[in-house]
Protein chains: 2
Amino acid sequence: MQKKYQFPVIASDIVIFTVDKGILKTLLIQMKKQPFESFWAAPGGLVKVNESVDQAAARILSEKTGLEKVYLEQLYTFGEIDRDPFGRVVSVAYFALISKEGLSLKTTSEYKDVSWFDAKKLPKLAYDHQEIIAKAVACLKNKLEHSNIIYSLLPKEFTLSELQKIYEIILSKKFDKRNFRKKILSLHMLKKLSKKQTGQANRPAMLYSFVHTSPQQVKVI
Amino acid sequence: MQKKYQFPVIASDIVIFTVDKGILKTLLIQMKKQPFESFWAAPGGLVKVNESVDQAAARILSEKTGLEKVYLEQLYTFGEIDRDPFGRVVSVAYFALISKEGLSLKTTSEYKDVSWFDAKKLPKLAYDHQEIIAKAVACLKNKLEHSNIIYSLLPKEFTLSELQKIYEIILSKKFDKRNFRKKILSLHMLKKLSKKQTGQANRPAMLYSFVHTSPQQVKVI
DNA sequence: CCAAAAGTGTTATGACTACACCCATGA
DNA sequence: TCATGGGTGTAGTCATAACACTTTTGG
């Protein structure tokens with residue numbers, strides 16, 4: 001088993017993030033095989049010879065969530081010799097951001113279970129996935145401060161309070177409402193729609209949307 | 001030749017930087033084999049089954065420069081299908097920073113030549129090495145602004161003007177001498193030595209050294 | 001004494017922080 | 001009319017940017 005592969009093999013693992021009920025969550029699958037039986041792990045798979053590593057990551061993401069065209073970025077490559085007891089596997093890790101709206105999880109027979117976990121309270125993880133997810137969370141925080149990618153965690157139309165709440169959840173930090181609005185509006189990333197929120201028992205908020213829904217470098221917070 | 005490998009193979013390429021004579025330089029090797037005969041490339045090699053990817057990068061660096069214990073950081077993994085005409089090779093790229101002091105290059109028979117090039121005026125490069133080096137330069141600029149790793153490009157003792165010059169060369173930007181000194185000294189990264197420069201036809205400068213010569217996150221410039 | 005780089009302070013401007021009250025709606 | 005979150009401005013502080021002359025040395 002130790003020498004299953006004569007050369008290192010390339011896999012890809014995907015840390016999938018969403019924000020749901022005020023919590024940053026990540027999608028994990030529960031394993032069946034020893035020595036990681038019942039341990040959880042980020043979804044992953046081998047890179048095939050006829051697909052690029054990016055394509056492999058997108059395929060794995062699509063297999064687990066059914067989603068195409070979501071934000072997907074390479075994170076880091078994990079290449080320690082003993083990271084996988086089944087053989088010599090180098091993993092090119094990615095992270096994905098999705099807006100959780102009526103997303104159905106595909107539990108295949110390959111795994112015991114699939115579920116969302118609070119990214120800050122993880123269960124026992126297989127392989128070096130503890131390290132991978134920690135790095136993904138750190139990278140996500142950093143990206144949120146230096147780019148506009150938060151758009152991929154929000155619905156098309158949203159209020160400034162919803163936007164602020166997502167920054168606060170991920171960065172574990174509170175912002176002053178007035179200062180936050182001043183800052184975020186000065187960046188011209190958002191356009192104000194001529195619509196208001198409906199159906200809640202208080203003053204309805206103005207809705208906004210992103211001017212660009214493609215990744216851009218911006219000093220945000 | 002196209003199907004030399006049945007699975008993707010893992011290689012590592014190292015972009016080695018130094019600053020010499022006021023220029024940011026990178027070490028390239030000149031290839032012998034078709035279709036890249038006489039093209040230049042960043043040094044690289046396959047990752048062996050009994051070494052980690054980090055170890056492979058350090059080994060390749062050491063084989064080309066004879067140096068151990070230099071600053072070496074993973075950059076990005078390049079995994080396009082057709083990036084290497086010899087077969088399916090995924091490359092985990094690294095970049096290294098060295099202080100060029102009496103460094104002897106090992107030209108092996110494997111290559112036509114080994115030489116330093118201005119990182120902003122590169123010759124025809126093999127594979128996707130144009131892209132790899134461009135990404136390495138961008139990453140280096142970013143790192144210089146957010147960490148103390150510039151220590152690895154300087155000798156143990158240096159003047160503030162030498163330090164400023166390295167920032168200016170890499171960031172392609174001039175700084176005001178007074179503001180630069182105020183800023184850099186306020187970070188407490190440097191200690192003033194009780195020595196002065198000797199042997200030049202002008203007022204001798206005070207020498208400084210770094211307090212820490214290990215990578216640290218700092219907002220520098 | 002001349003050439004060359006070292007060293008040094010002040011002022012103006014822009015960015016960030018802290019902070020409290022009135023508004024619009026549904027129940 | 002009450003509860004709930006929406007929406008708004010100002011003043012103080014801090015970091016950054018602009019700017020020019022004197023000092024020390026070797027030749």
Side-chain angles (χ1 to χ4, degrees), chain A residues 19 21-22 141-142 144-148 154-155 157-169 171-210 217-221, chain B residues 19 21-22 141-142 144-148 150 154-155 157-169 171-209 217-221:
Chain A
V19 173
K21 302 192 185 75
K141 288 185 180 187
N142 184 57
L144 225 54
E145 291 175 332
H146 300 283
S147 78
N148 65 343
L154 285 157
E157 305 183 343
F158 51 86
T159 69
L160 293 184
S161 296
E162 287 166 353
L163 181 66
Q164 183 177 344
K165 217 167 292 166
I166 301 217
Y167 277 110
E168 291 179 340
I169 291 161
L171 300 176
S172 313
K173 198 197 258 183
K174 288 278 174 198
F175 296 100
D176 176 83
K177 194 179 10 169
R178 281 170 291 190
N179 294 339
F180 178 82
R181 285 166 186 237
K182 235 179 300 173
K183 188 72 215 289
I184 211 85
L185 291 174
S186 76
L187 299 172
H188 306 295
M189 285 178 8
L190 305 178
K191 55 172 176 260
K192 195 177 200 166
L193 305 176
S194 44
K195 292 190 208 175
K196 293 185 183 184
Q197 222 183 3
T198 54
Q200 74 298 329
N202 51 25
R203 178 171 172 177
M206 288 301 302
L207 291 171
Y208 287 79
S209 69
F210 279 90
Q217 290 282 109
V218 198
K219 173 81 186 70
V220 180
I221 293 288
Chain B
V19 173
K21 301 191 185 76
K141 287 184 180 187
N142 185 55
L144 225 54
E145 291 177 332
H146 300 283
S147 77
N148 66 343
I150 198 170
L154 285 158
E157 305 183 344
F158 52 87
T159 69
L160 293 184
S161 295
E162 286 166 354
L163 181 66
Q164 182 176 345
K165 217 169 292 166
I166 300 216
Y167 277 109
E168 290 179 340
I169 289 161
L171 300 176
S172 313
K173 198 198 259 183
K174 287 279 175 195
F175 295 100
D176 175 83
K177 192 174 21 164
R178 281 170 292 189
N179 294 338
F180 177 82
R181 283 165 187 238
K182 235 178 298 172
K183 188 72 213 292
I184 212 83
L185 291 174
S186 76
L187 300 172
H188 305 295
M189 288 179 5
L190 305 179
K191 54 171 176 265
K192 194 177 199 166
L193 305 176
S194 44
K195 293 191 210 173
K196 293 186 183 183
Q197 222 183 3
T198 52
Q200 75 297 328
N202 51 26
R203 178 171 172 177
M206 288 300 302
L207 291 172
Y208 288 78
S209 70
Q217 290 283 109
V218 197
K219 173 80 186 69
V220 181
I221 292 286

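Basis for what follows: all heavy atoms, side chains included, without hydrogens, waters or symmetry-related copies. Labels below follow one simple rule: chain letters A, B, ... track the order of the sequence lines, proteins then strands, and each chain is numbered from 1.
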Report summary line: Taking for A:Lys182 and for A:Gly199 the nucleotide of DNA chain C with the nearest heavy atom, the one nearer the 5' end belongs to A:Lys182
Requested in this report: Mind checking A:Lys177 for me? I need base, sugar-phosphate or nothing, with any heavy atom below 4.0 Å counting as a touch.
Outcome: base
Query raised in the report: Over how many whole Å does the gap from A:Lys219 atom NZ to D:dT16 atom P extend?
Result: 12 Å
Query raised in the report: Between D:dG9 atom C1' and A:Asp176 atom CG, what is the distance in whole Å?
Result: 12 Å
Query raised in the report: Has B:Lys219 got more than 12 heavy atoms of other residues, nucleotides or ligands less than 6.0 Å from its NZ?
Result: yes
Query raised in the report: Can you tell me if the side-chain N/O atoms of B:Ser161 get under 4.0 Å from OP1 or OP2 in C:dA6?
Result: yes
Query raised in the report: Looking across every strand, which nucleic acid part, if any, lies under 4.0 Å from B:Lys183 by heavy atom: base, sugar-phosphate, or nothing?
Result: sugar-phosphate
Query raised in the report: Which distance, rounded to the nearest 0.5 Å, do you find between the CG of A:Leu144 and the CG of A:Leu171?
Result: 5.0 Å
Query raised in the report: Between A:Leu160 and A:Leu190, does a side chain to side chain contact (heavy atoms under 4.5 Å, CB included) hold up when you go through it step by step?
Result: CA-CA 10 Å; A:Leu160 293 184; A:Leu190 305 178; 3.7 Å; yes
**Report entry** B:Gln164 CD to C:dA5 C1', straight-line distance once rounded to whole Å
**Finding:** 12 Å
Requested in this report: Could you check how far NZ of B:Lys174 sits from C1' of D:dC19, rounded to whole Å?
Outcome: 17 Å
Query raised in the report: When you check the phosphate oxygens OP1 and OP2 of C:dG7, does a side-chain N or O of B:Arg181 lie under 4.0 Å from one of them?
Result: yes
Report task. Go through the N and O atoms of the side chain of B:Lys196 and the base of D:dT23, and report whether any donor-acceptor pair is under 3.5 Å. Result -> no
Query raised in the report: With sugar-phosphate meaning primed atoms plus P, OP1 and OP2, does B:Gln200 contact a base, only sugar-phosphate, or nothing at under 4.0 Å between heavy atoms?
Result: sugar-phosphate
Requested in this report: To the nearest Å, give me how far apart CG (B:Asn179) and P (C:dG9) are.
Outcome: 13 Å
**Report entry** Whole-Å distance separating the CG atom of A:Leu160 from the P atom of D:dG7
**Finding:** 6 Å
Report summary line: Of the candidates C:dG26, D:dT25, C:dA24, the side chain of A:Pro204 sits closest to C:dA24
Query raised in the report: Whole-Å distance between D:dG26 P and B:Gln197 CD?
Result: 11 Å
Report summary line: Of A:Arg178 and B:Arg178, the one whose nearest nucleotide on DNA chain C sits closer to the 5' end is B:Arg178
Query raised in the report: So how far is it from B:His146 NE2 to B:Ile221 CD1, rounded to the nearest 0.5 Å?
Result: 10.5 Å
Query raised in the report: Tell me: CZ of B:Phe175 to C1' of C:dA6, nearest whole Å?
Result: 19 Å
Query raised in the report: Does NZ belonging to A:Lys183 count more than 12 external heavy atoms closer than 6.0 Å?
Result: yes
Query raised in the report: Can a donor-acceptor pair under 3.5 Å be found between the side-chain atoms of B:Arg203 and the base atoms of C:dA3?
Result: no
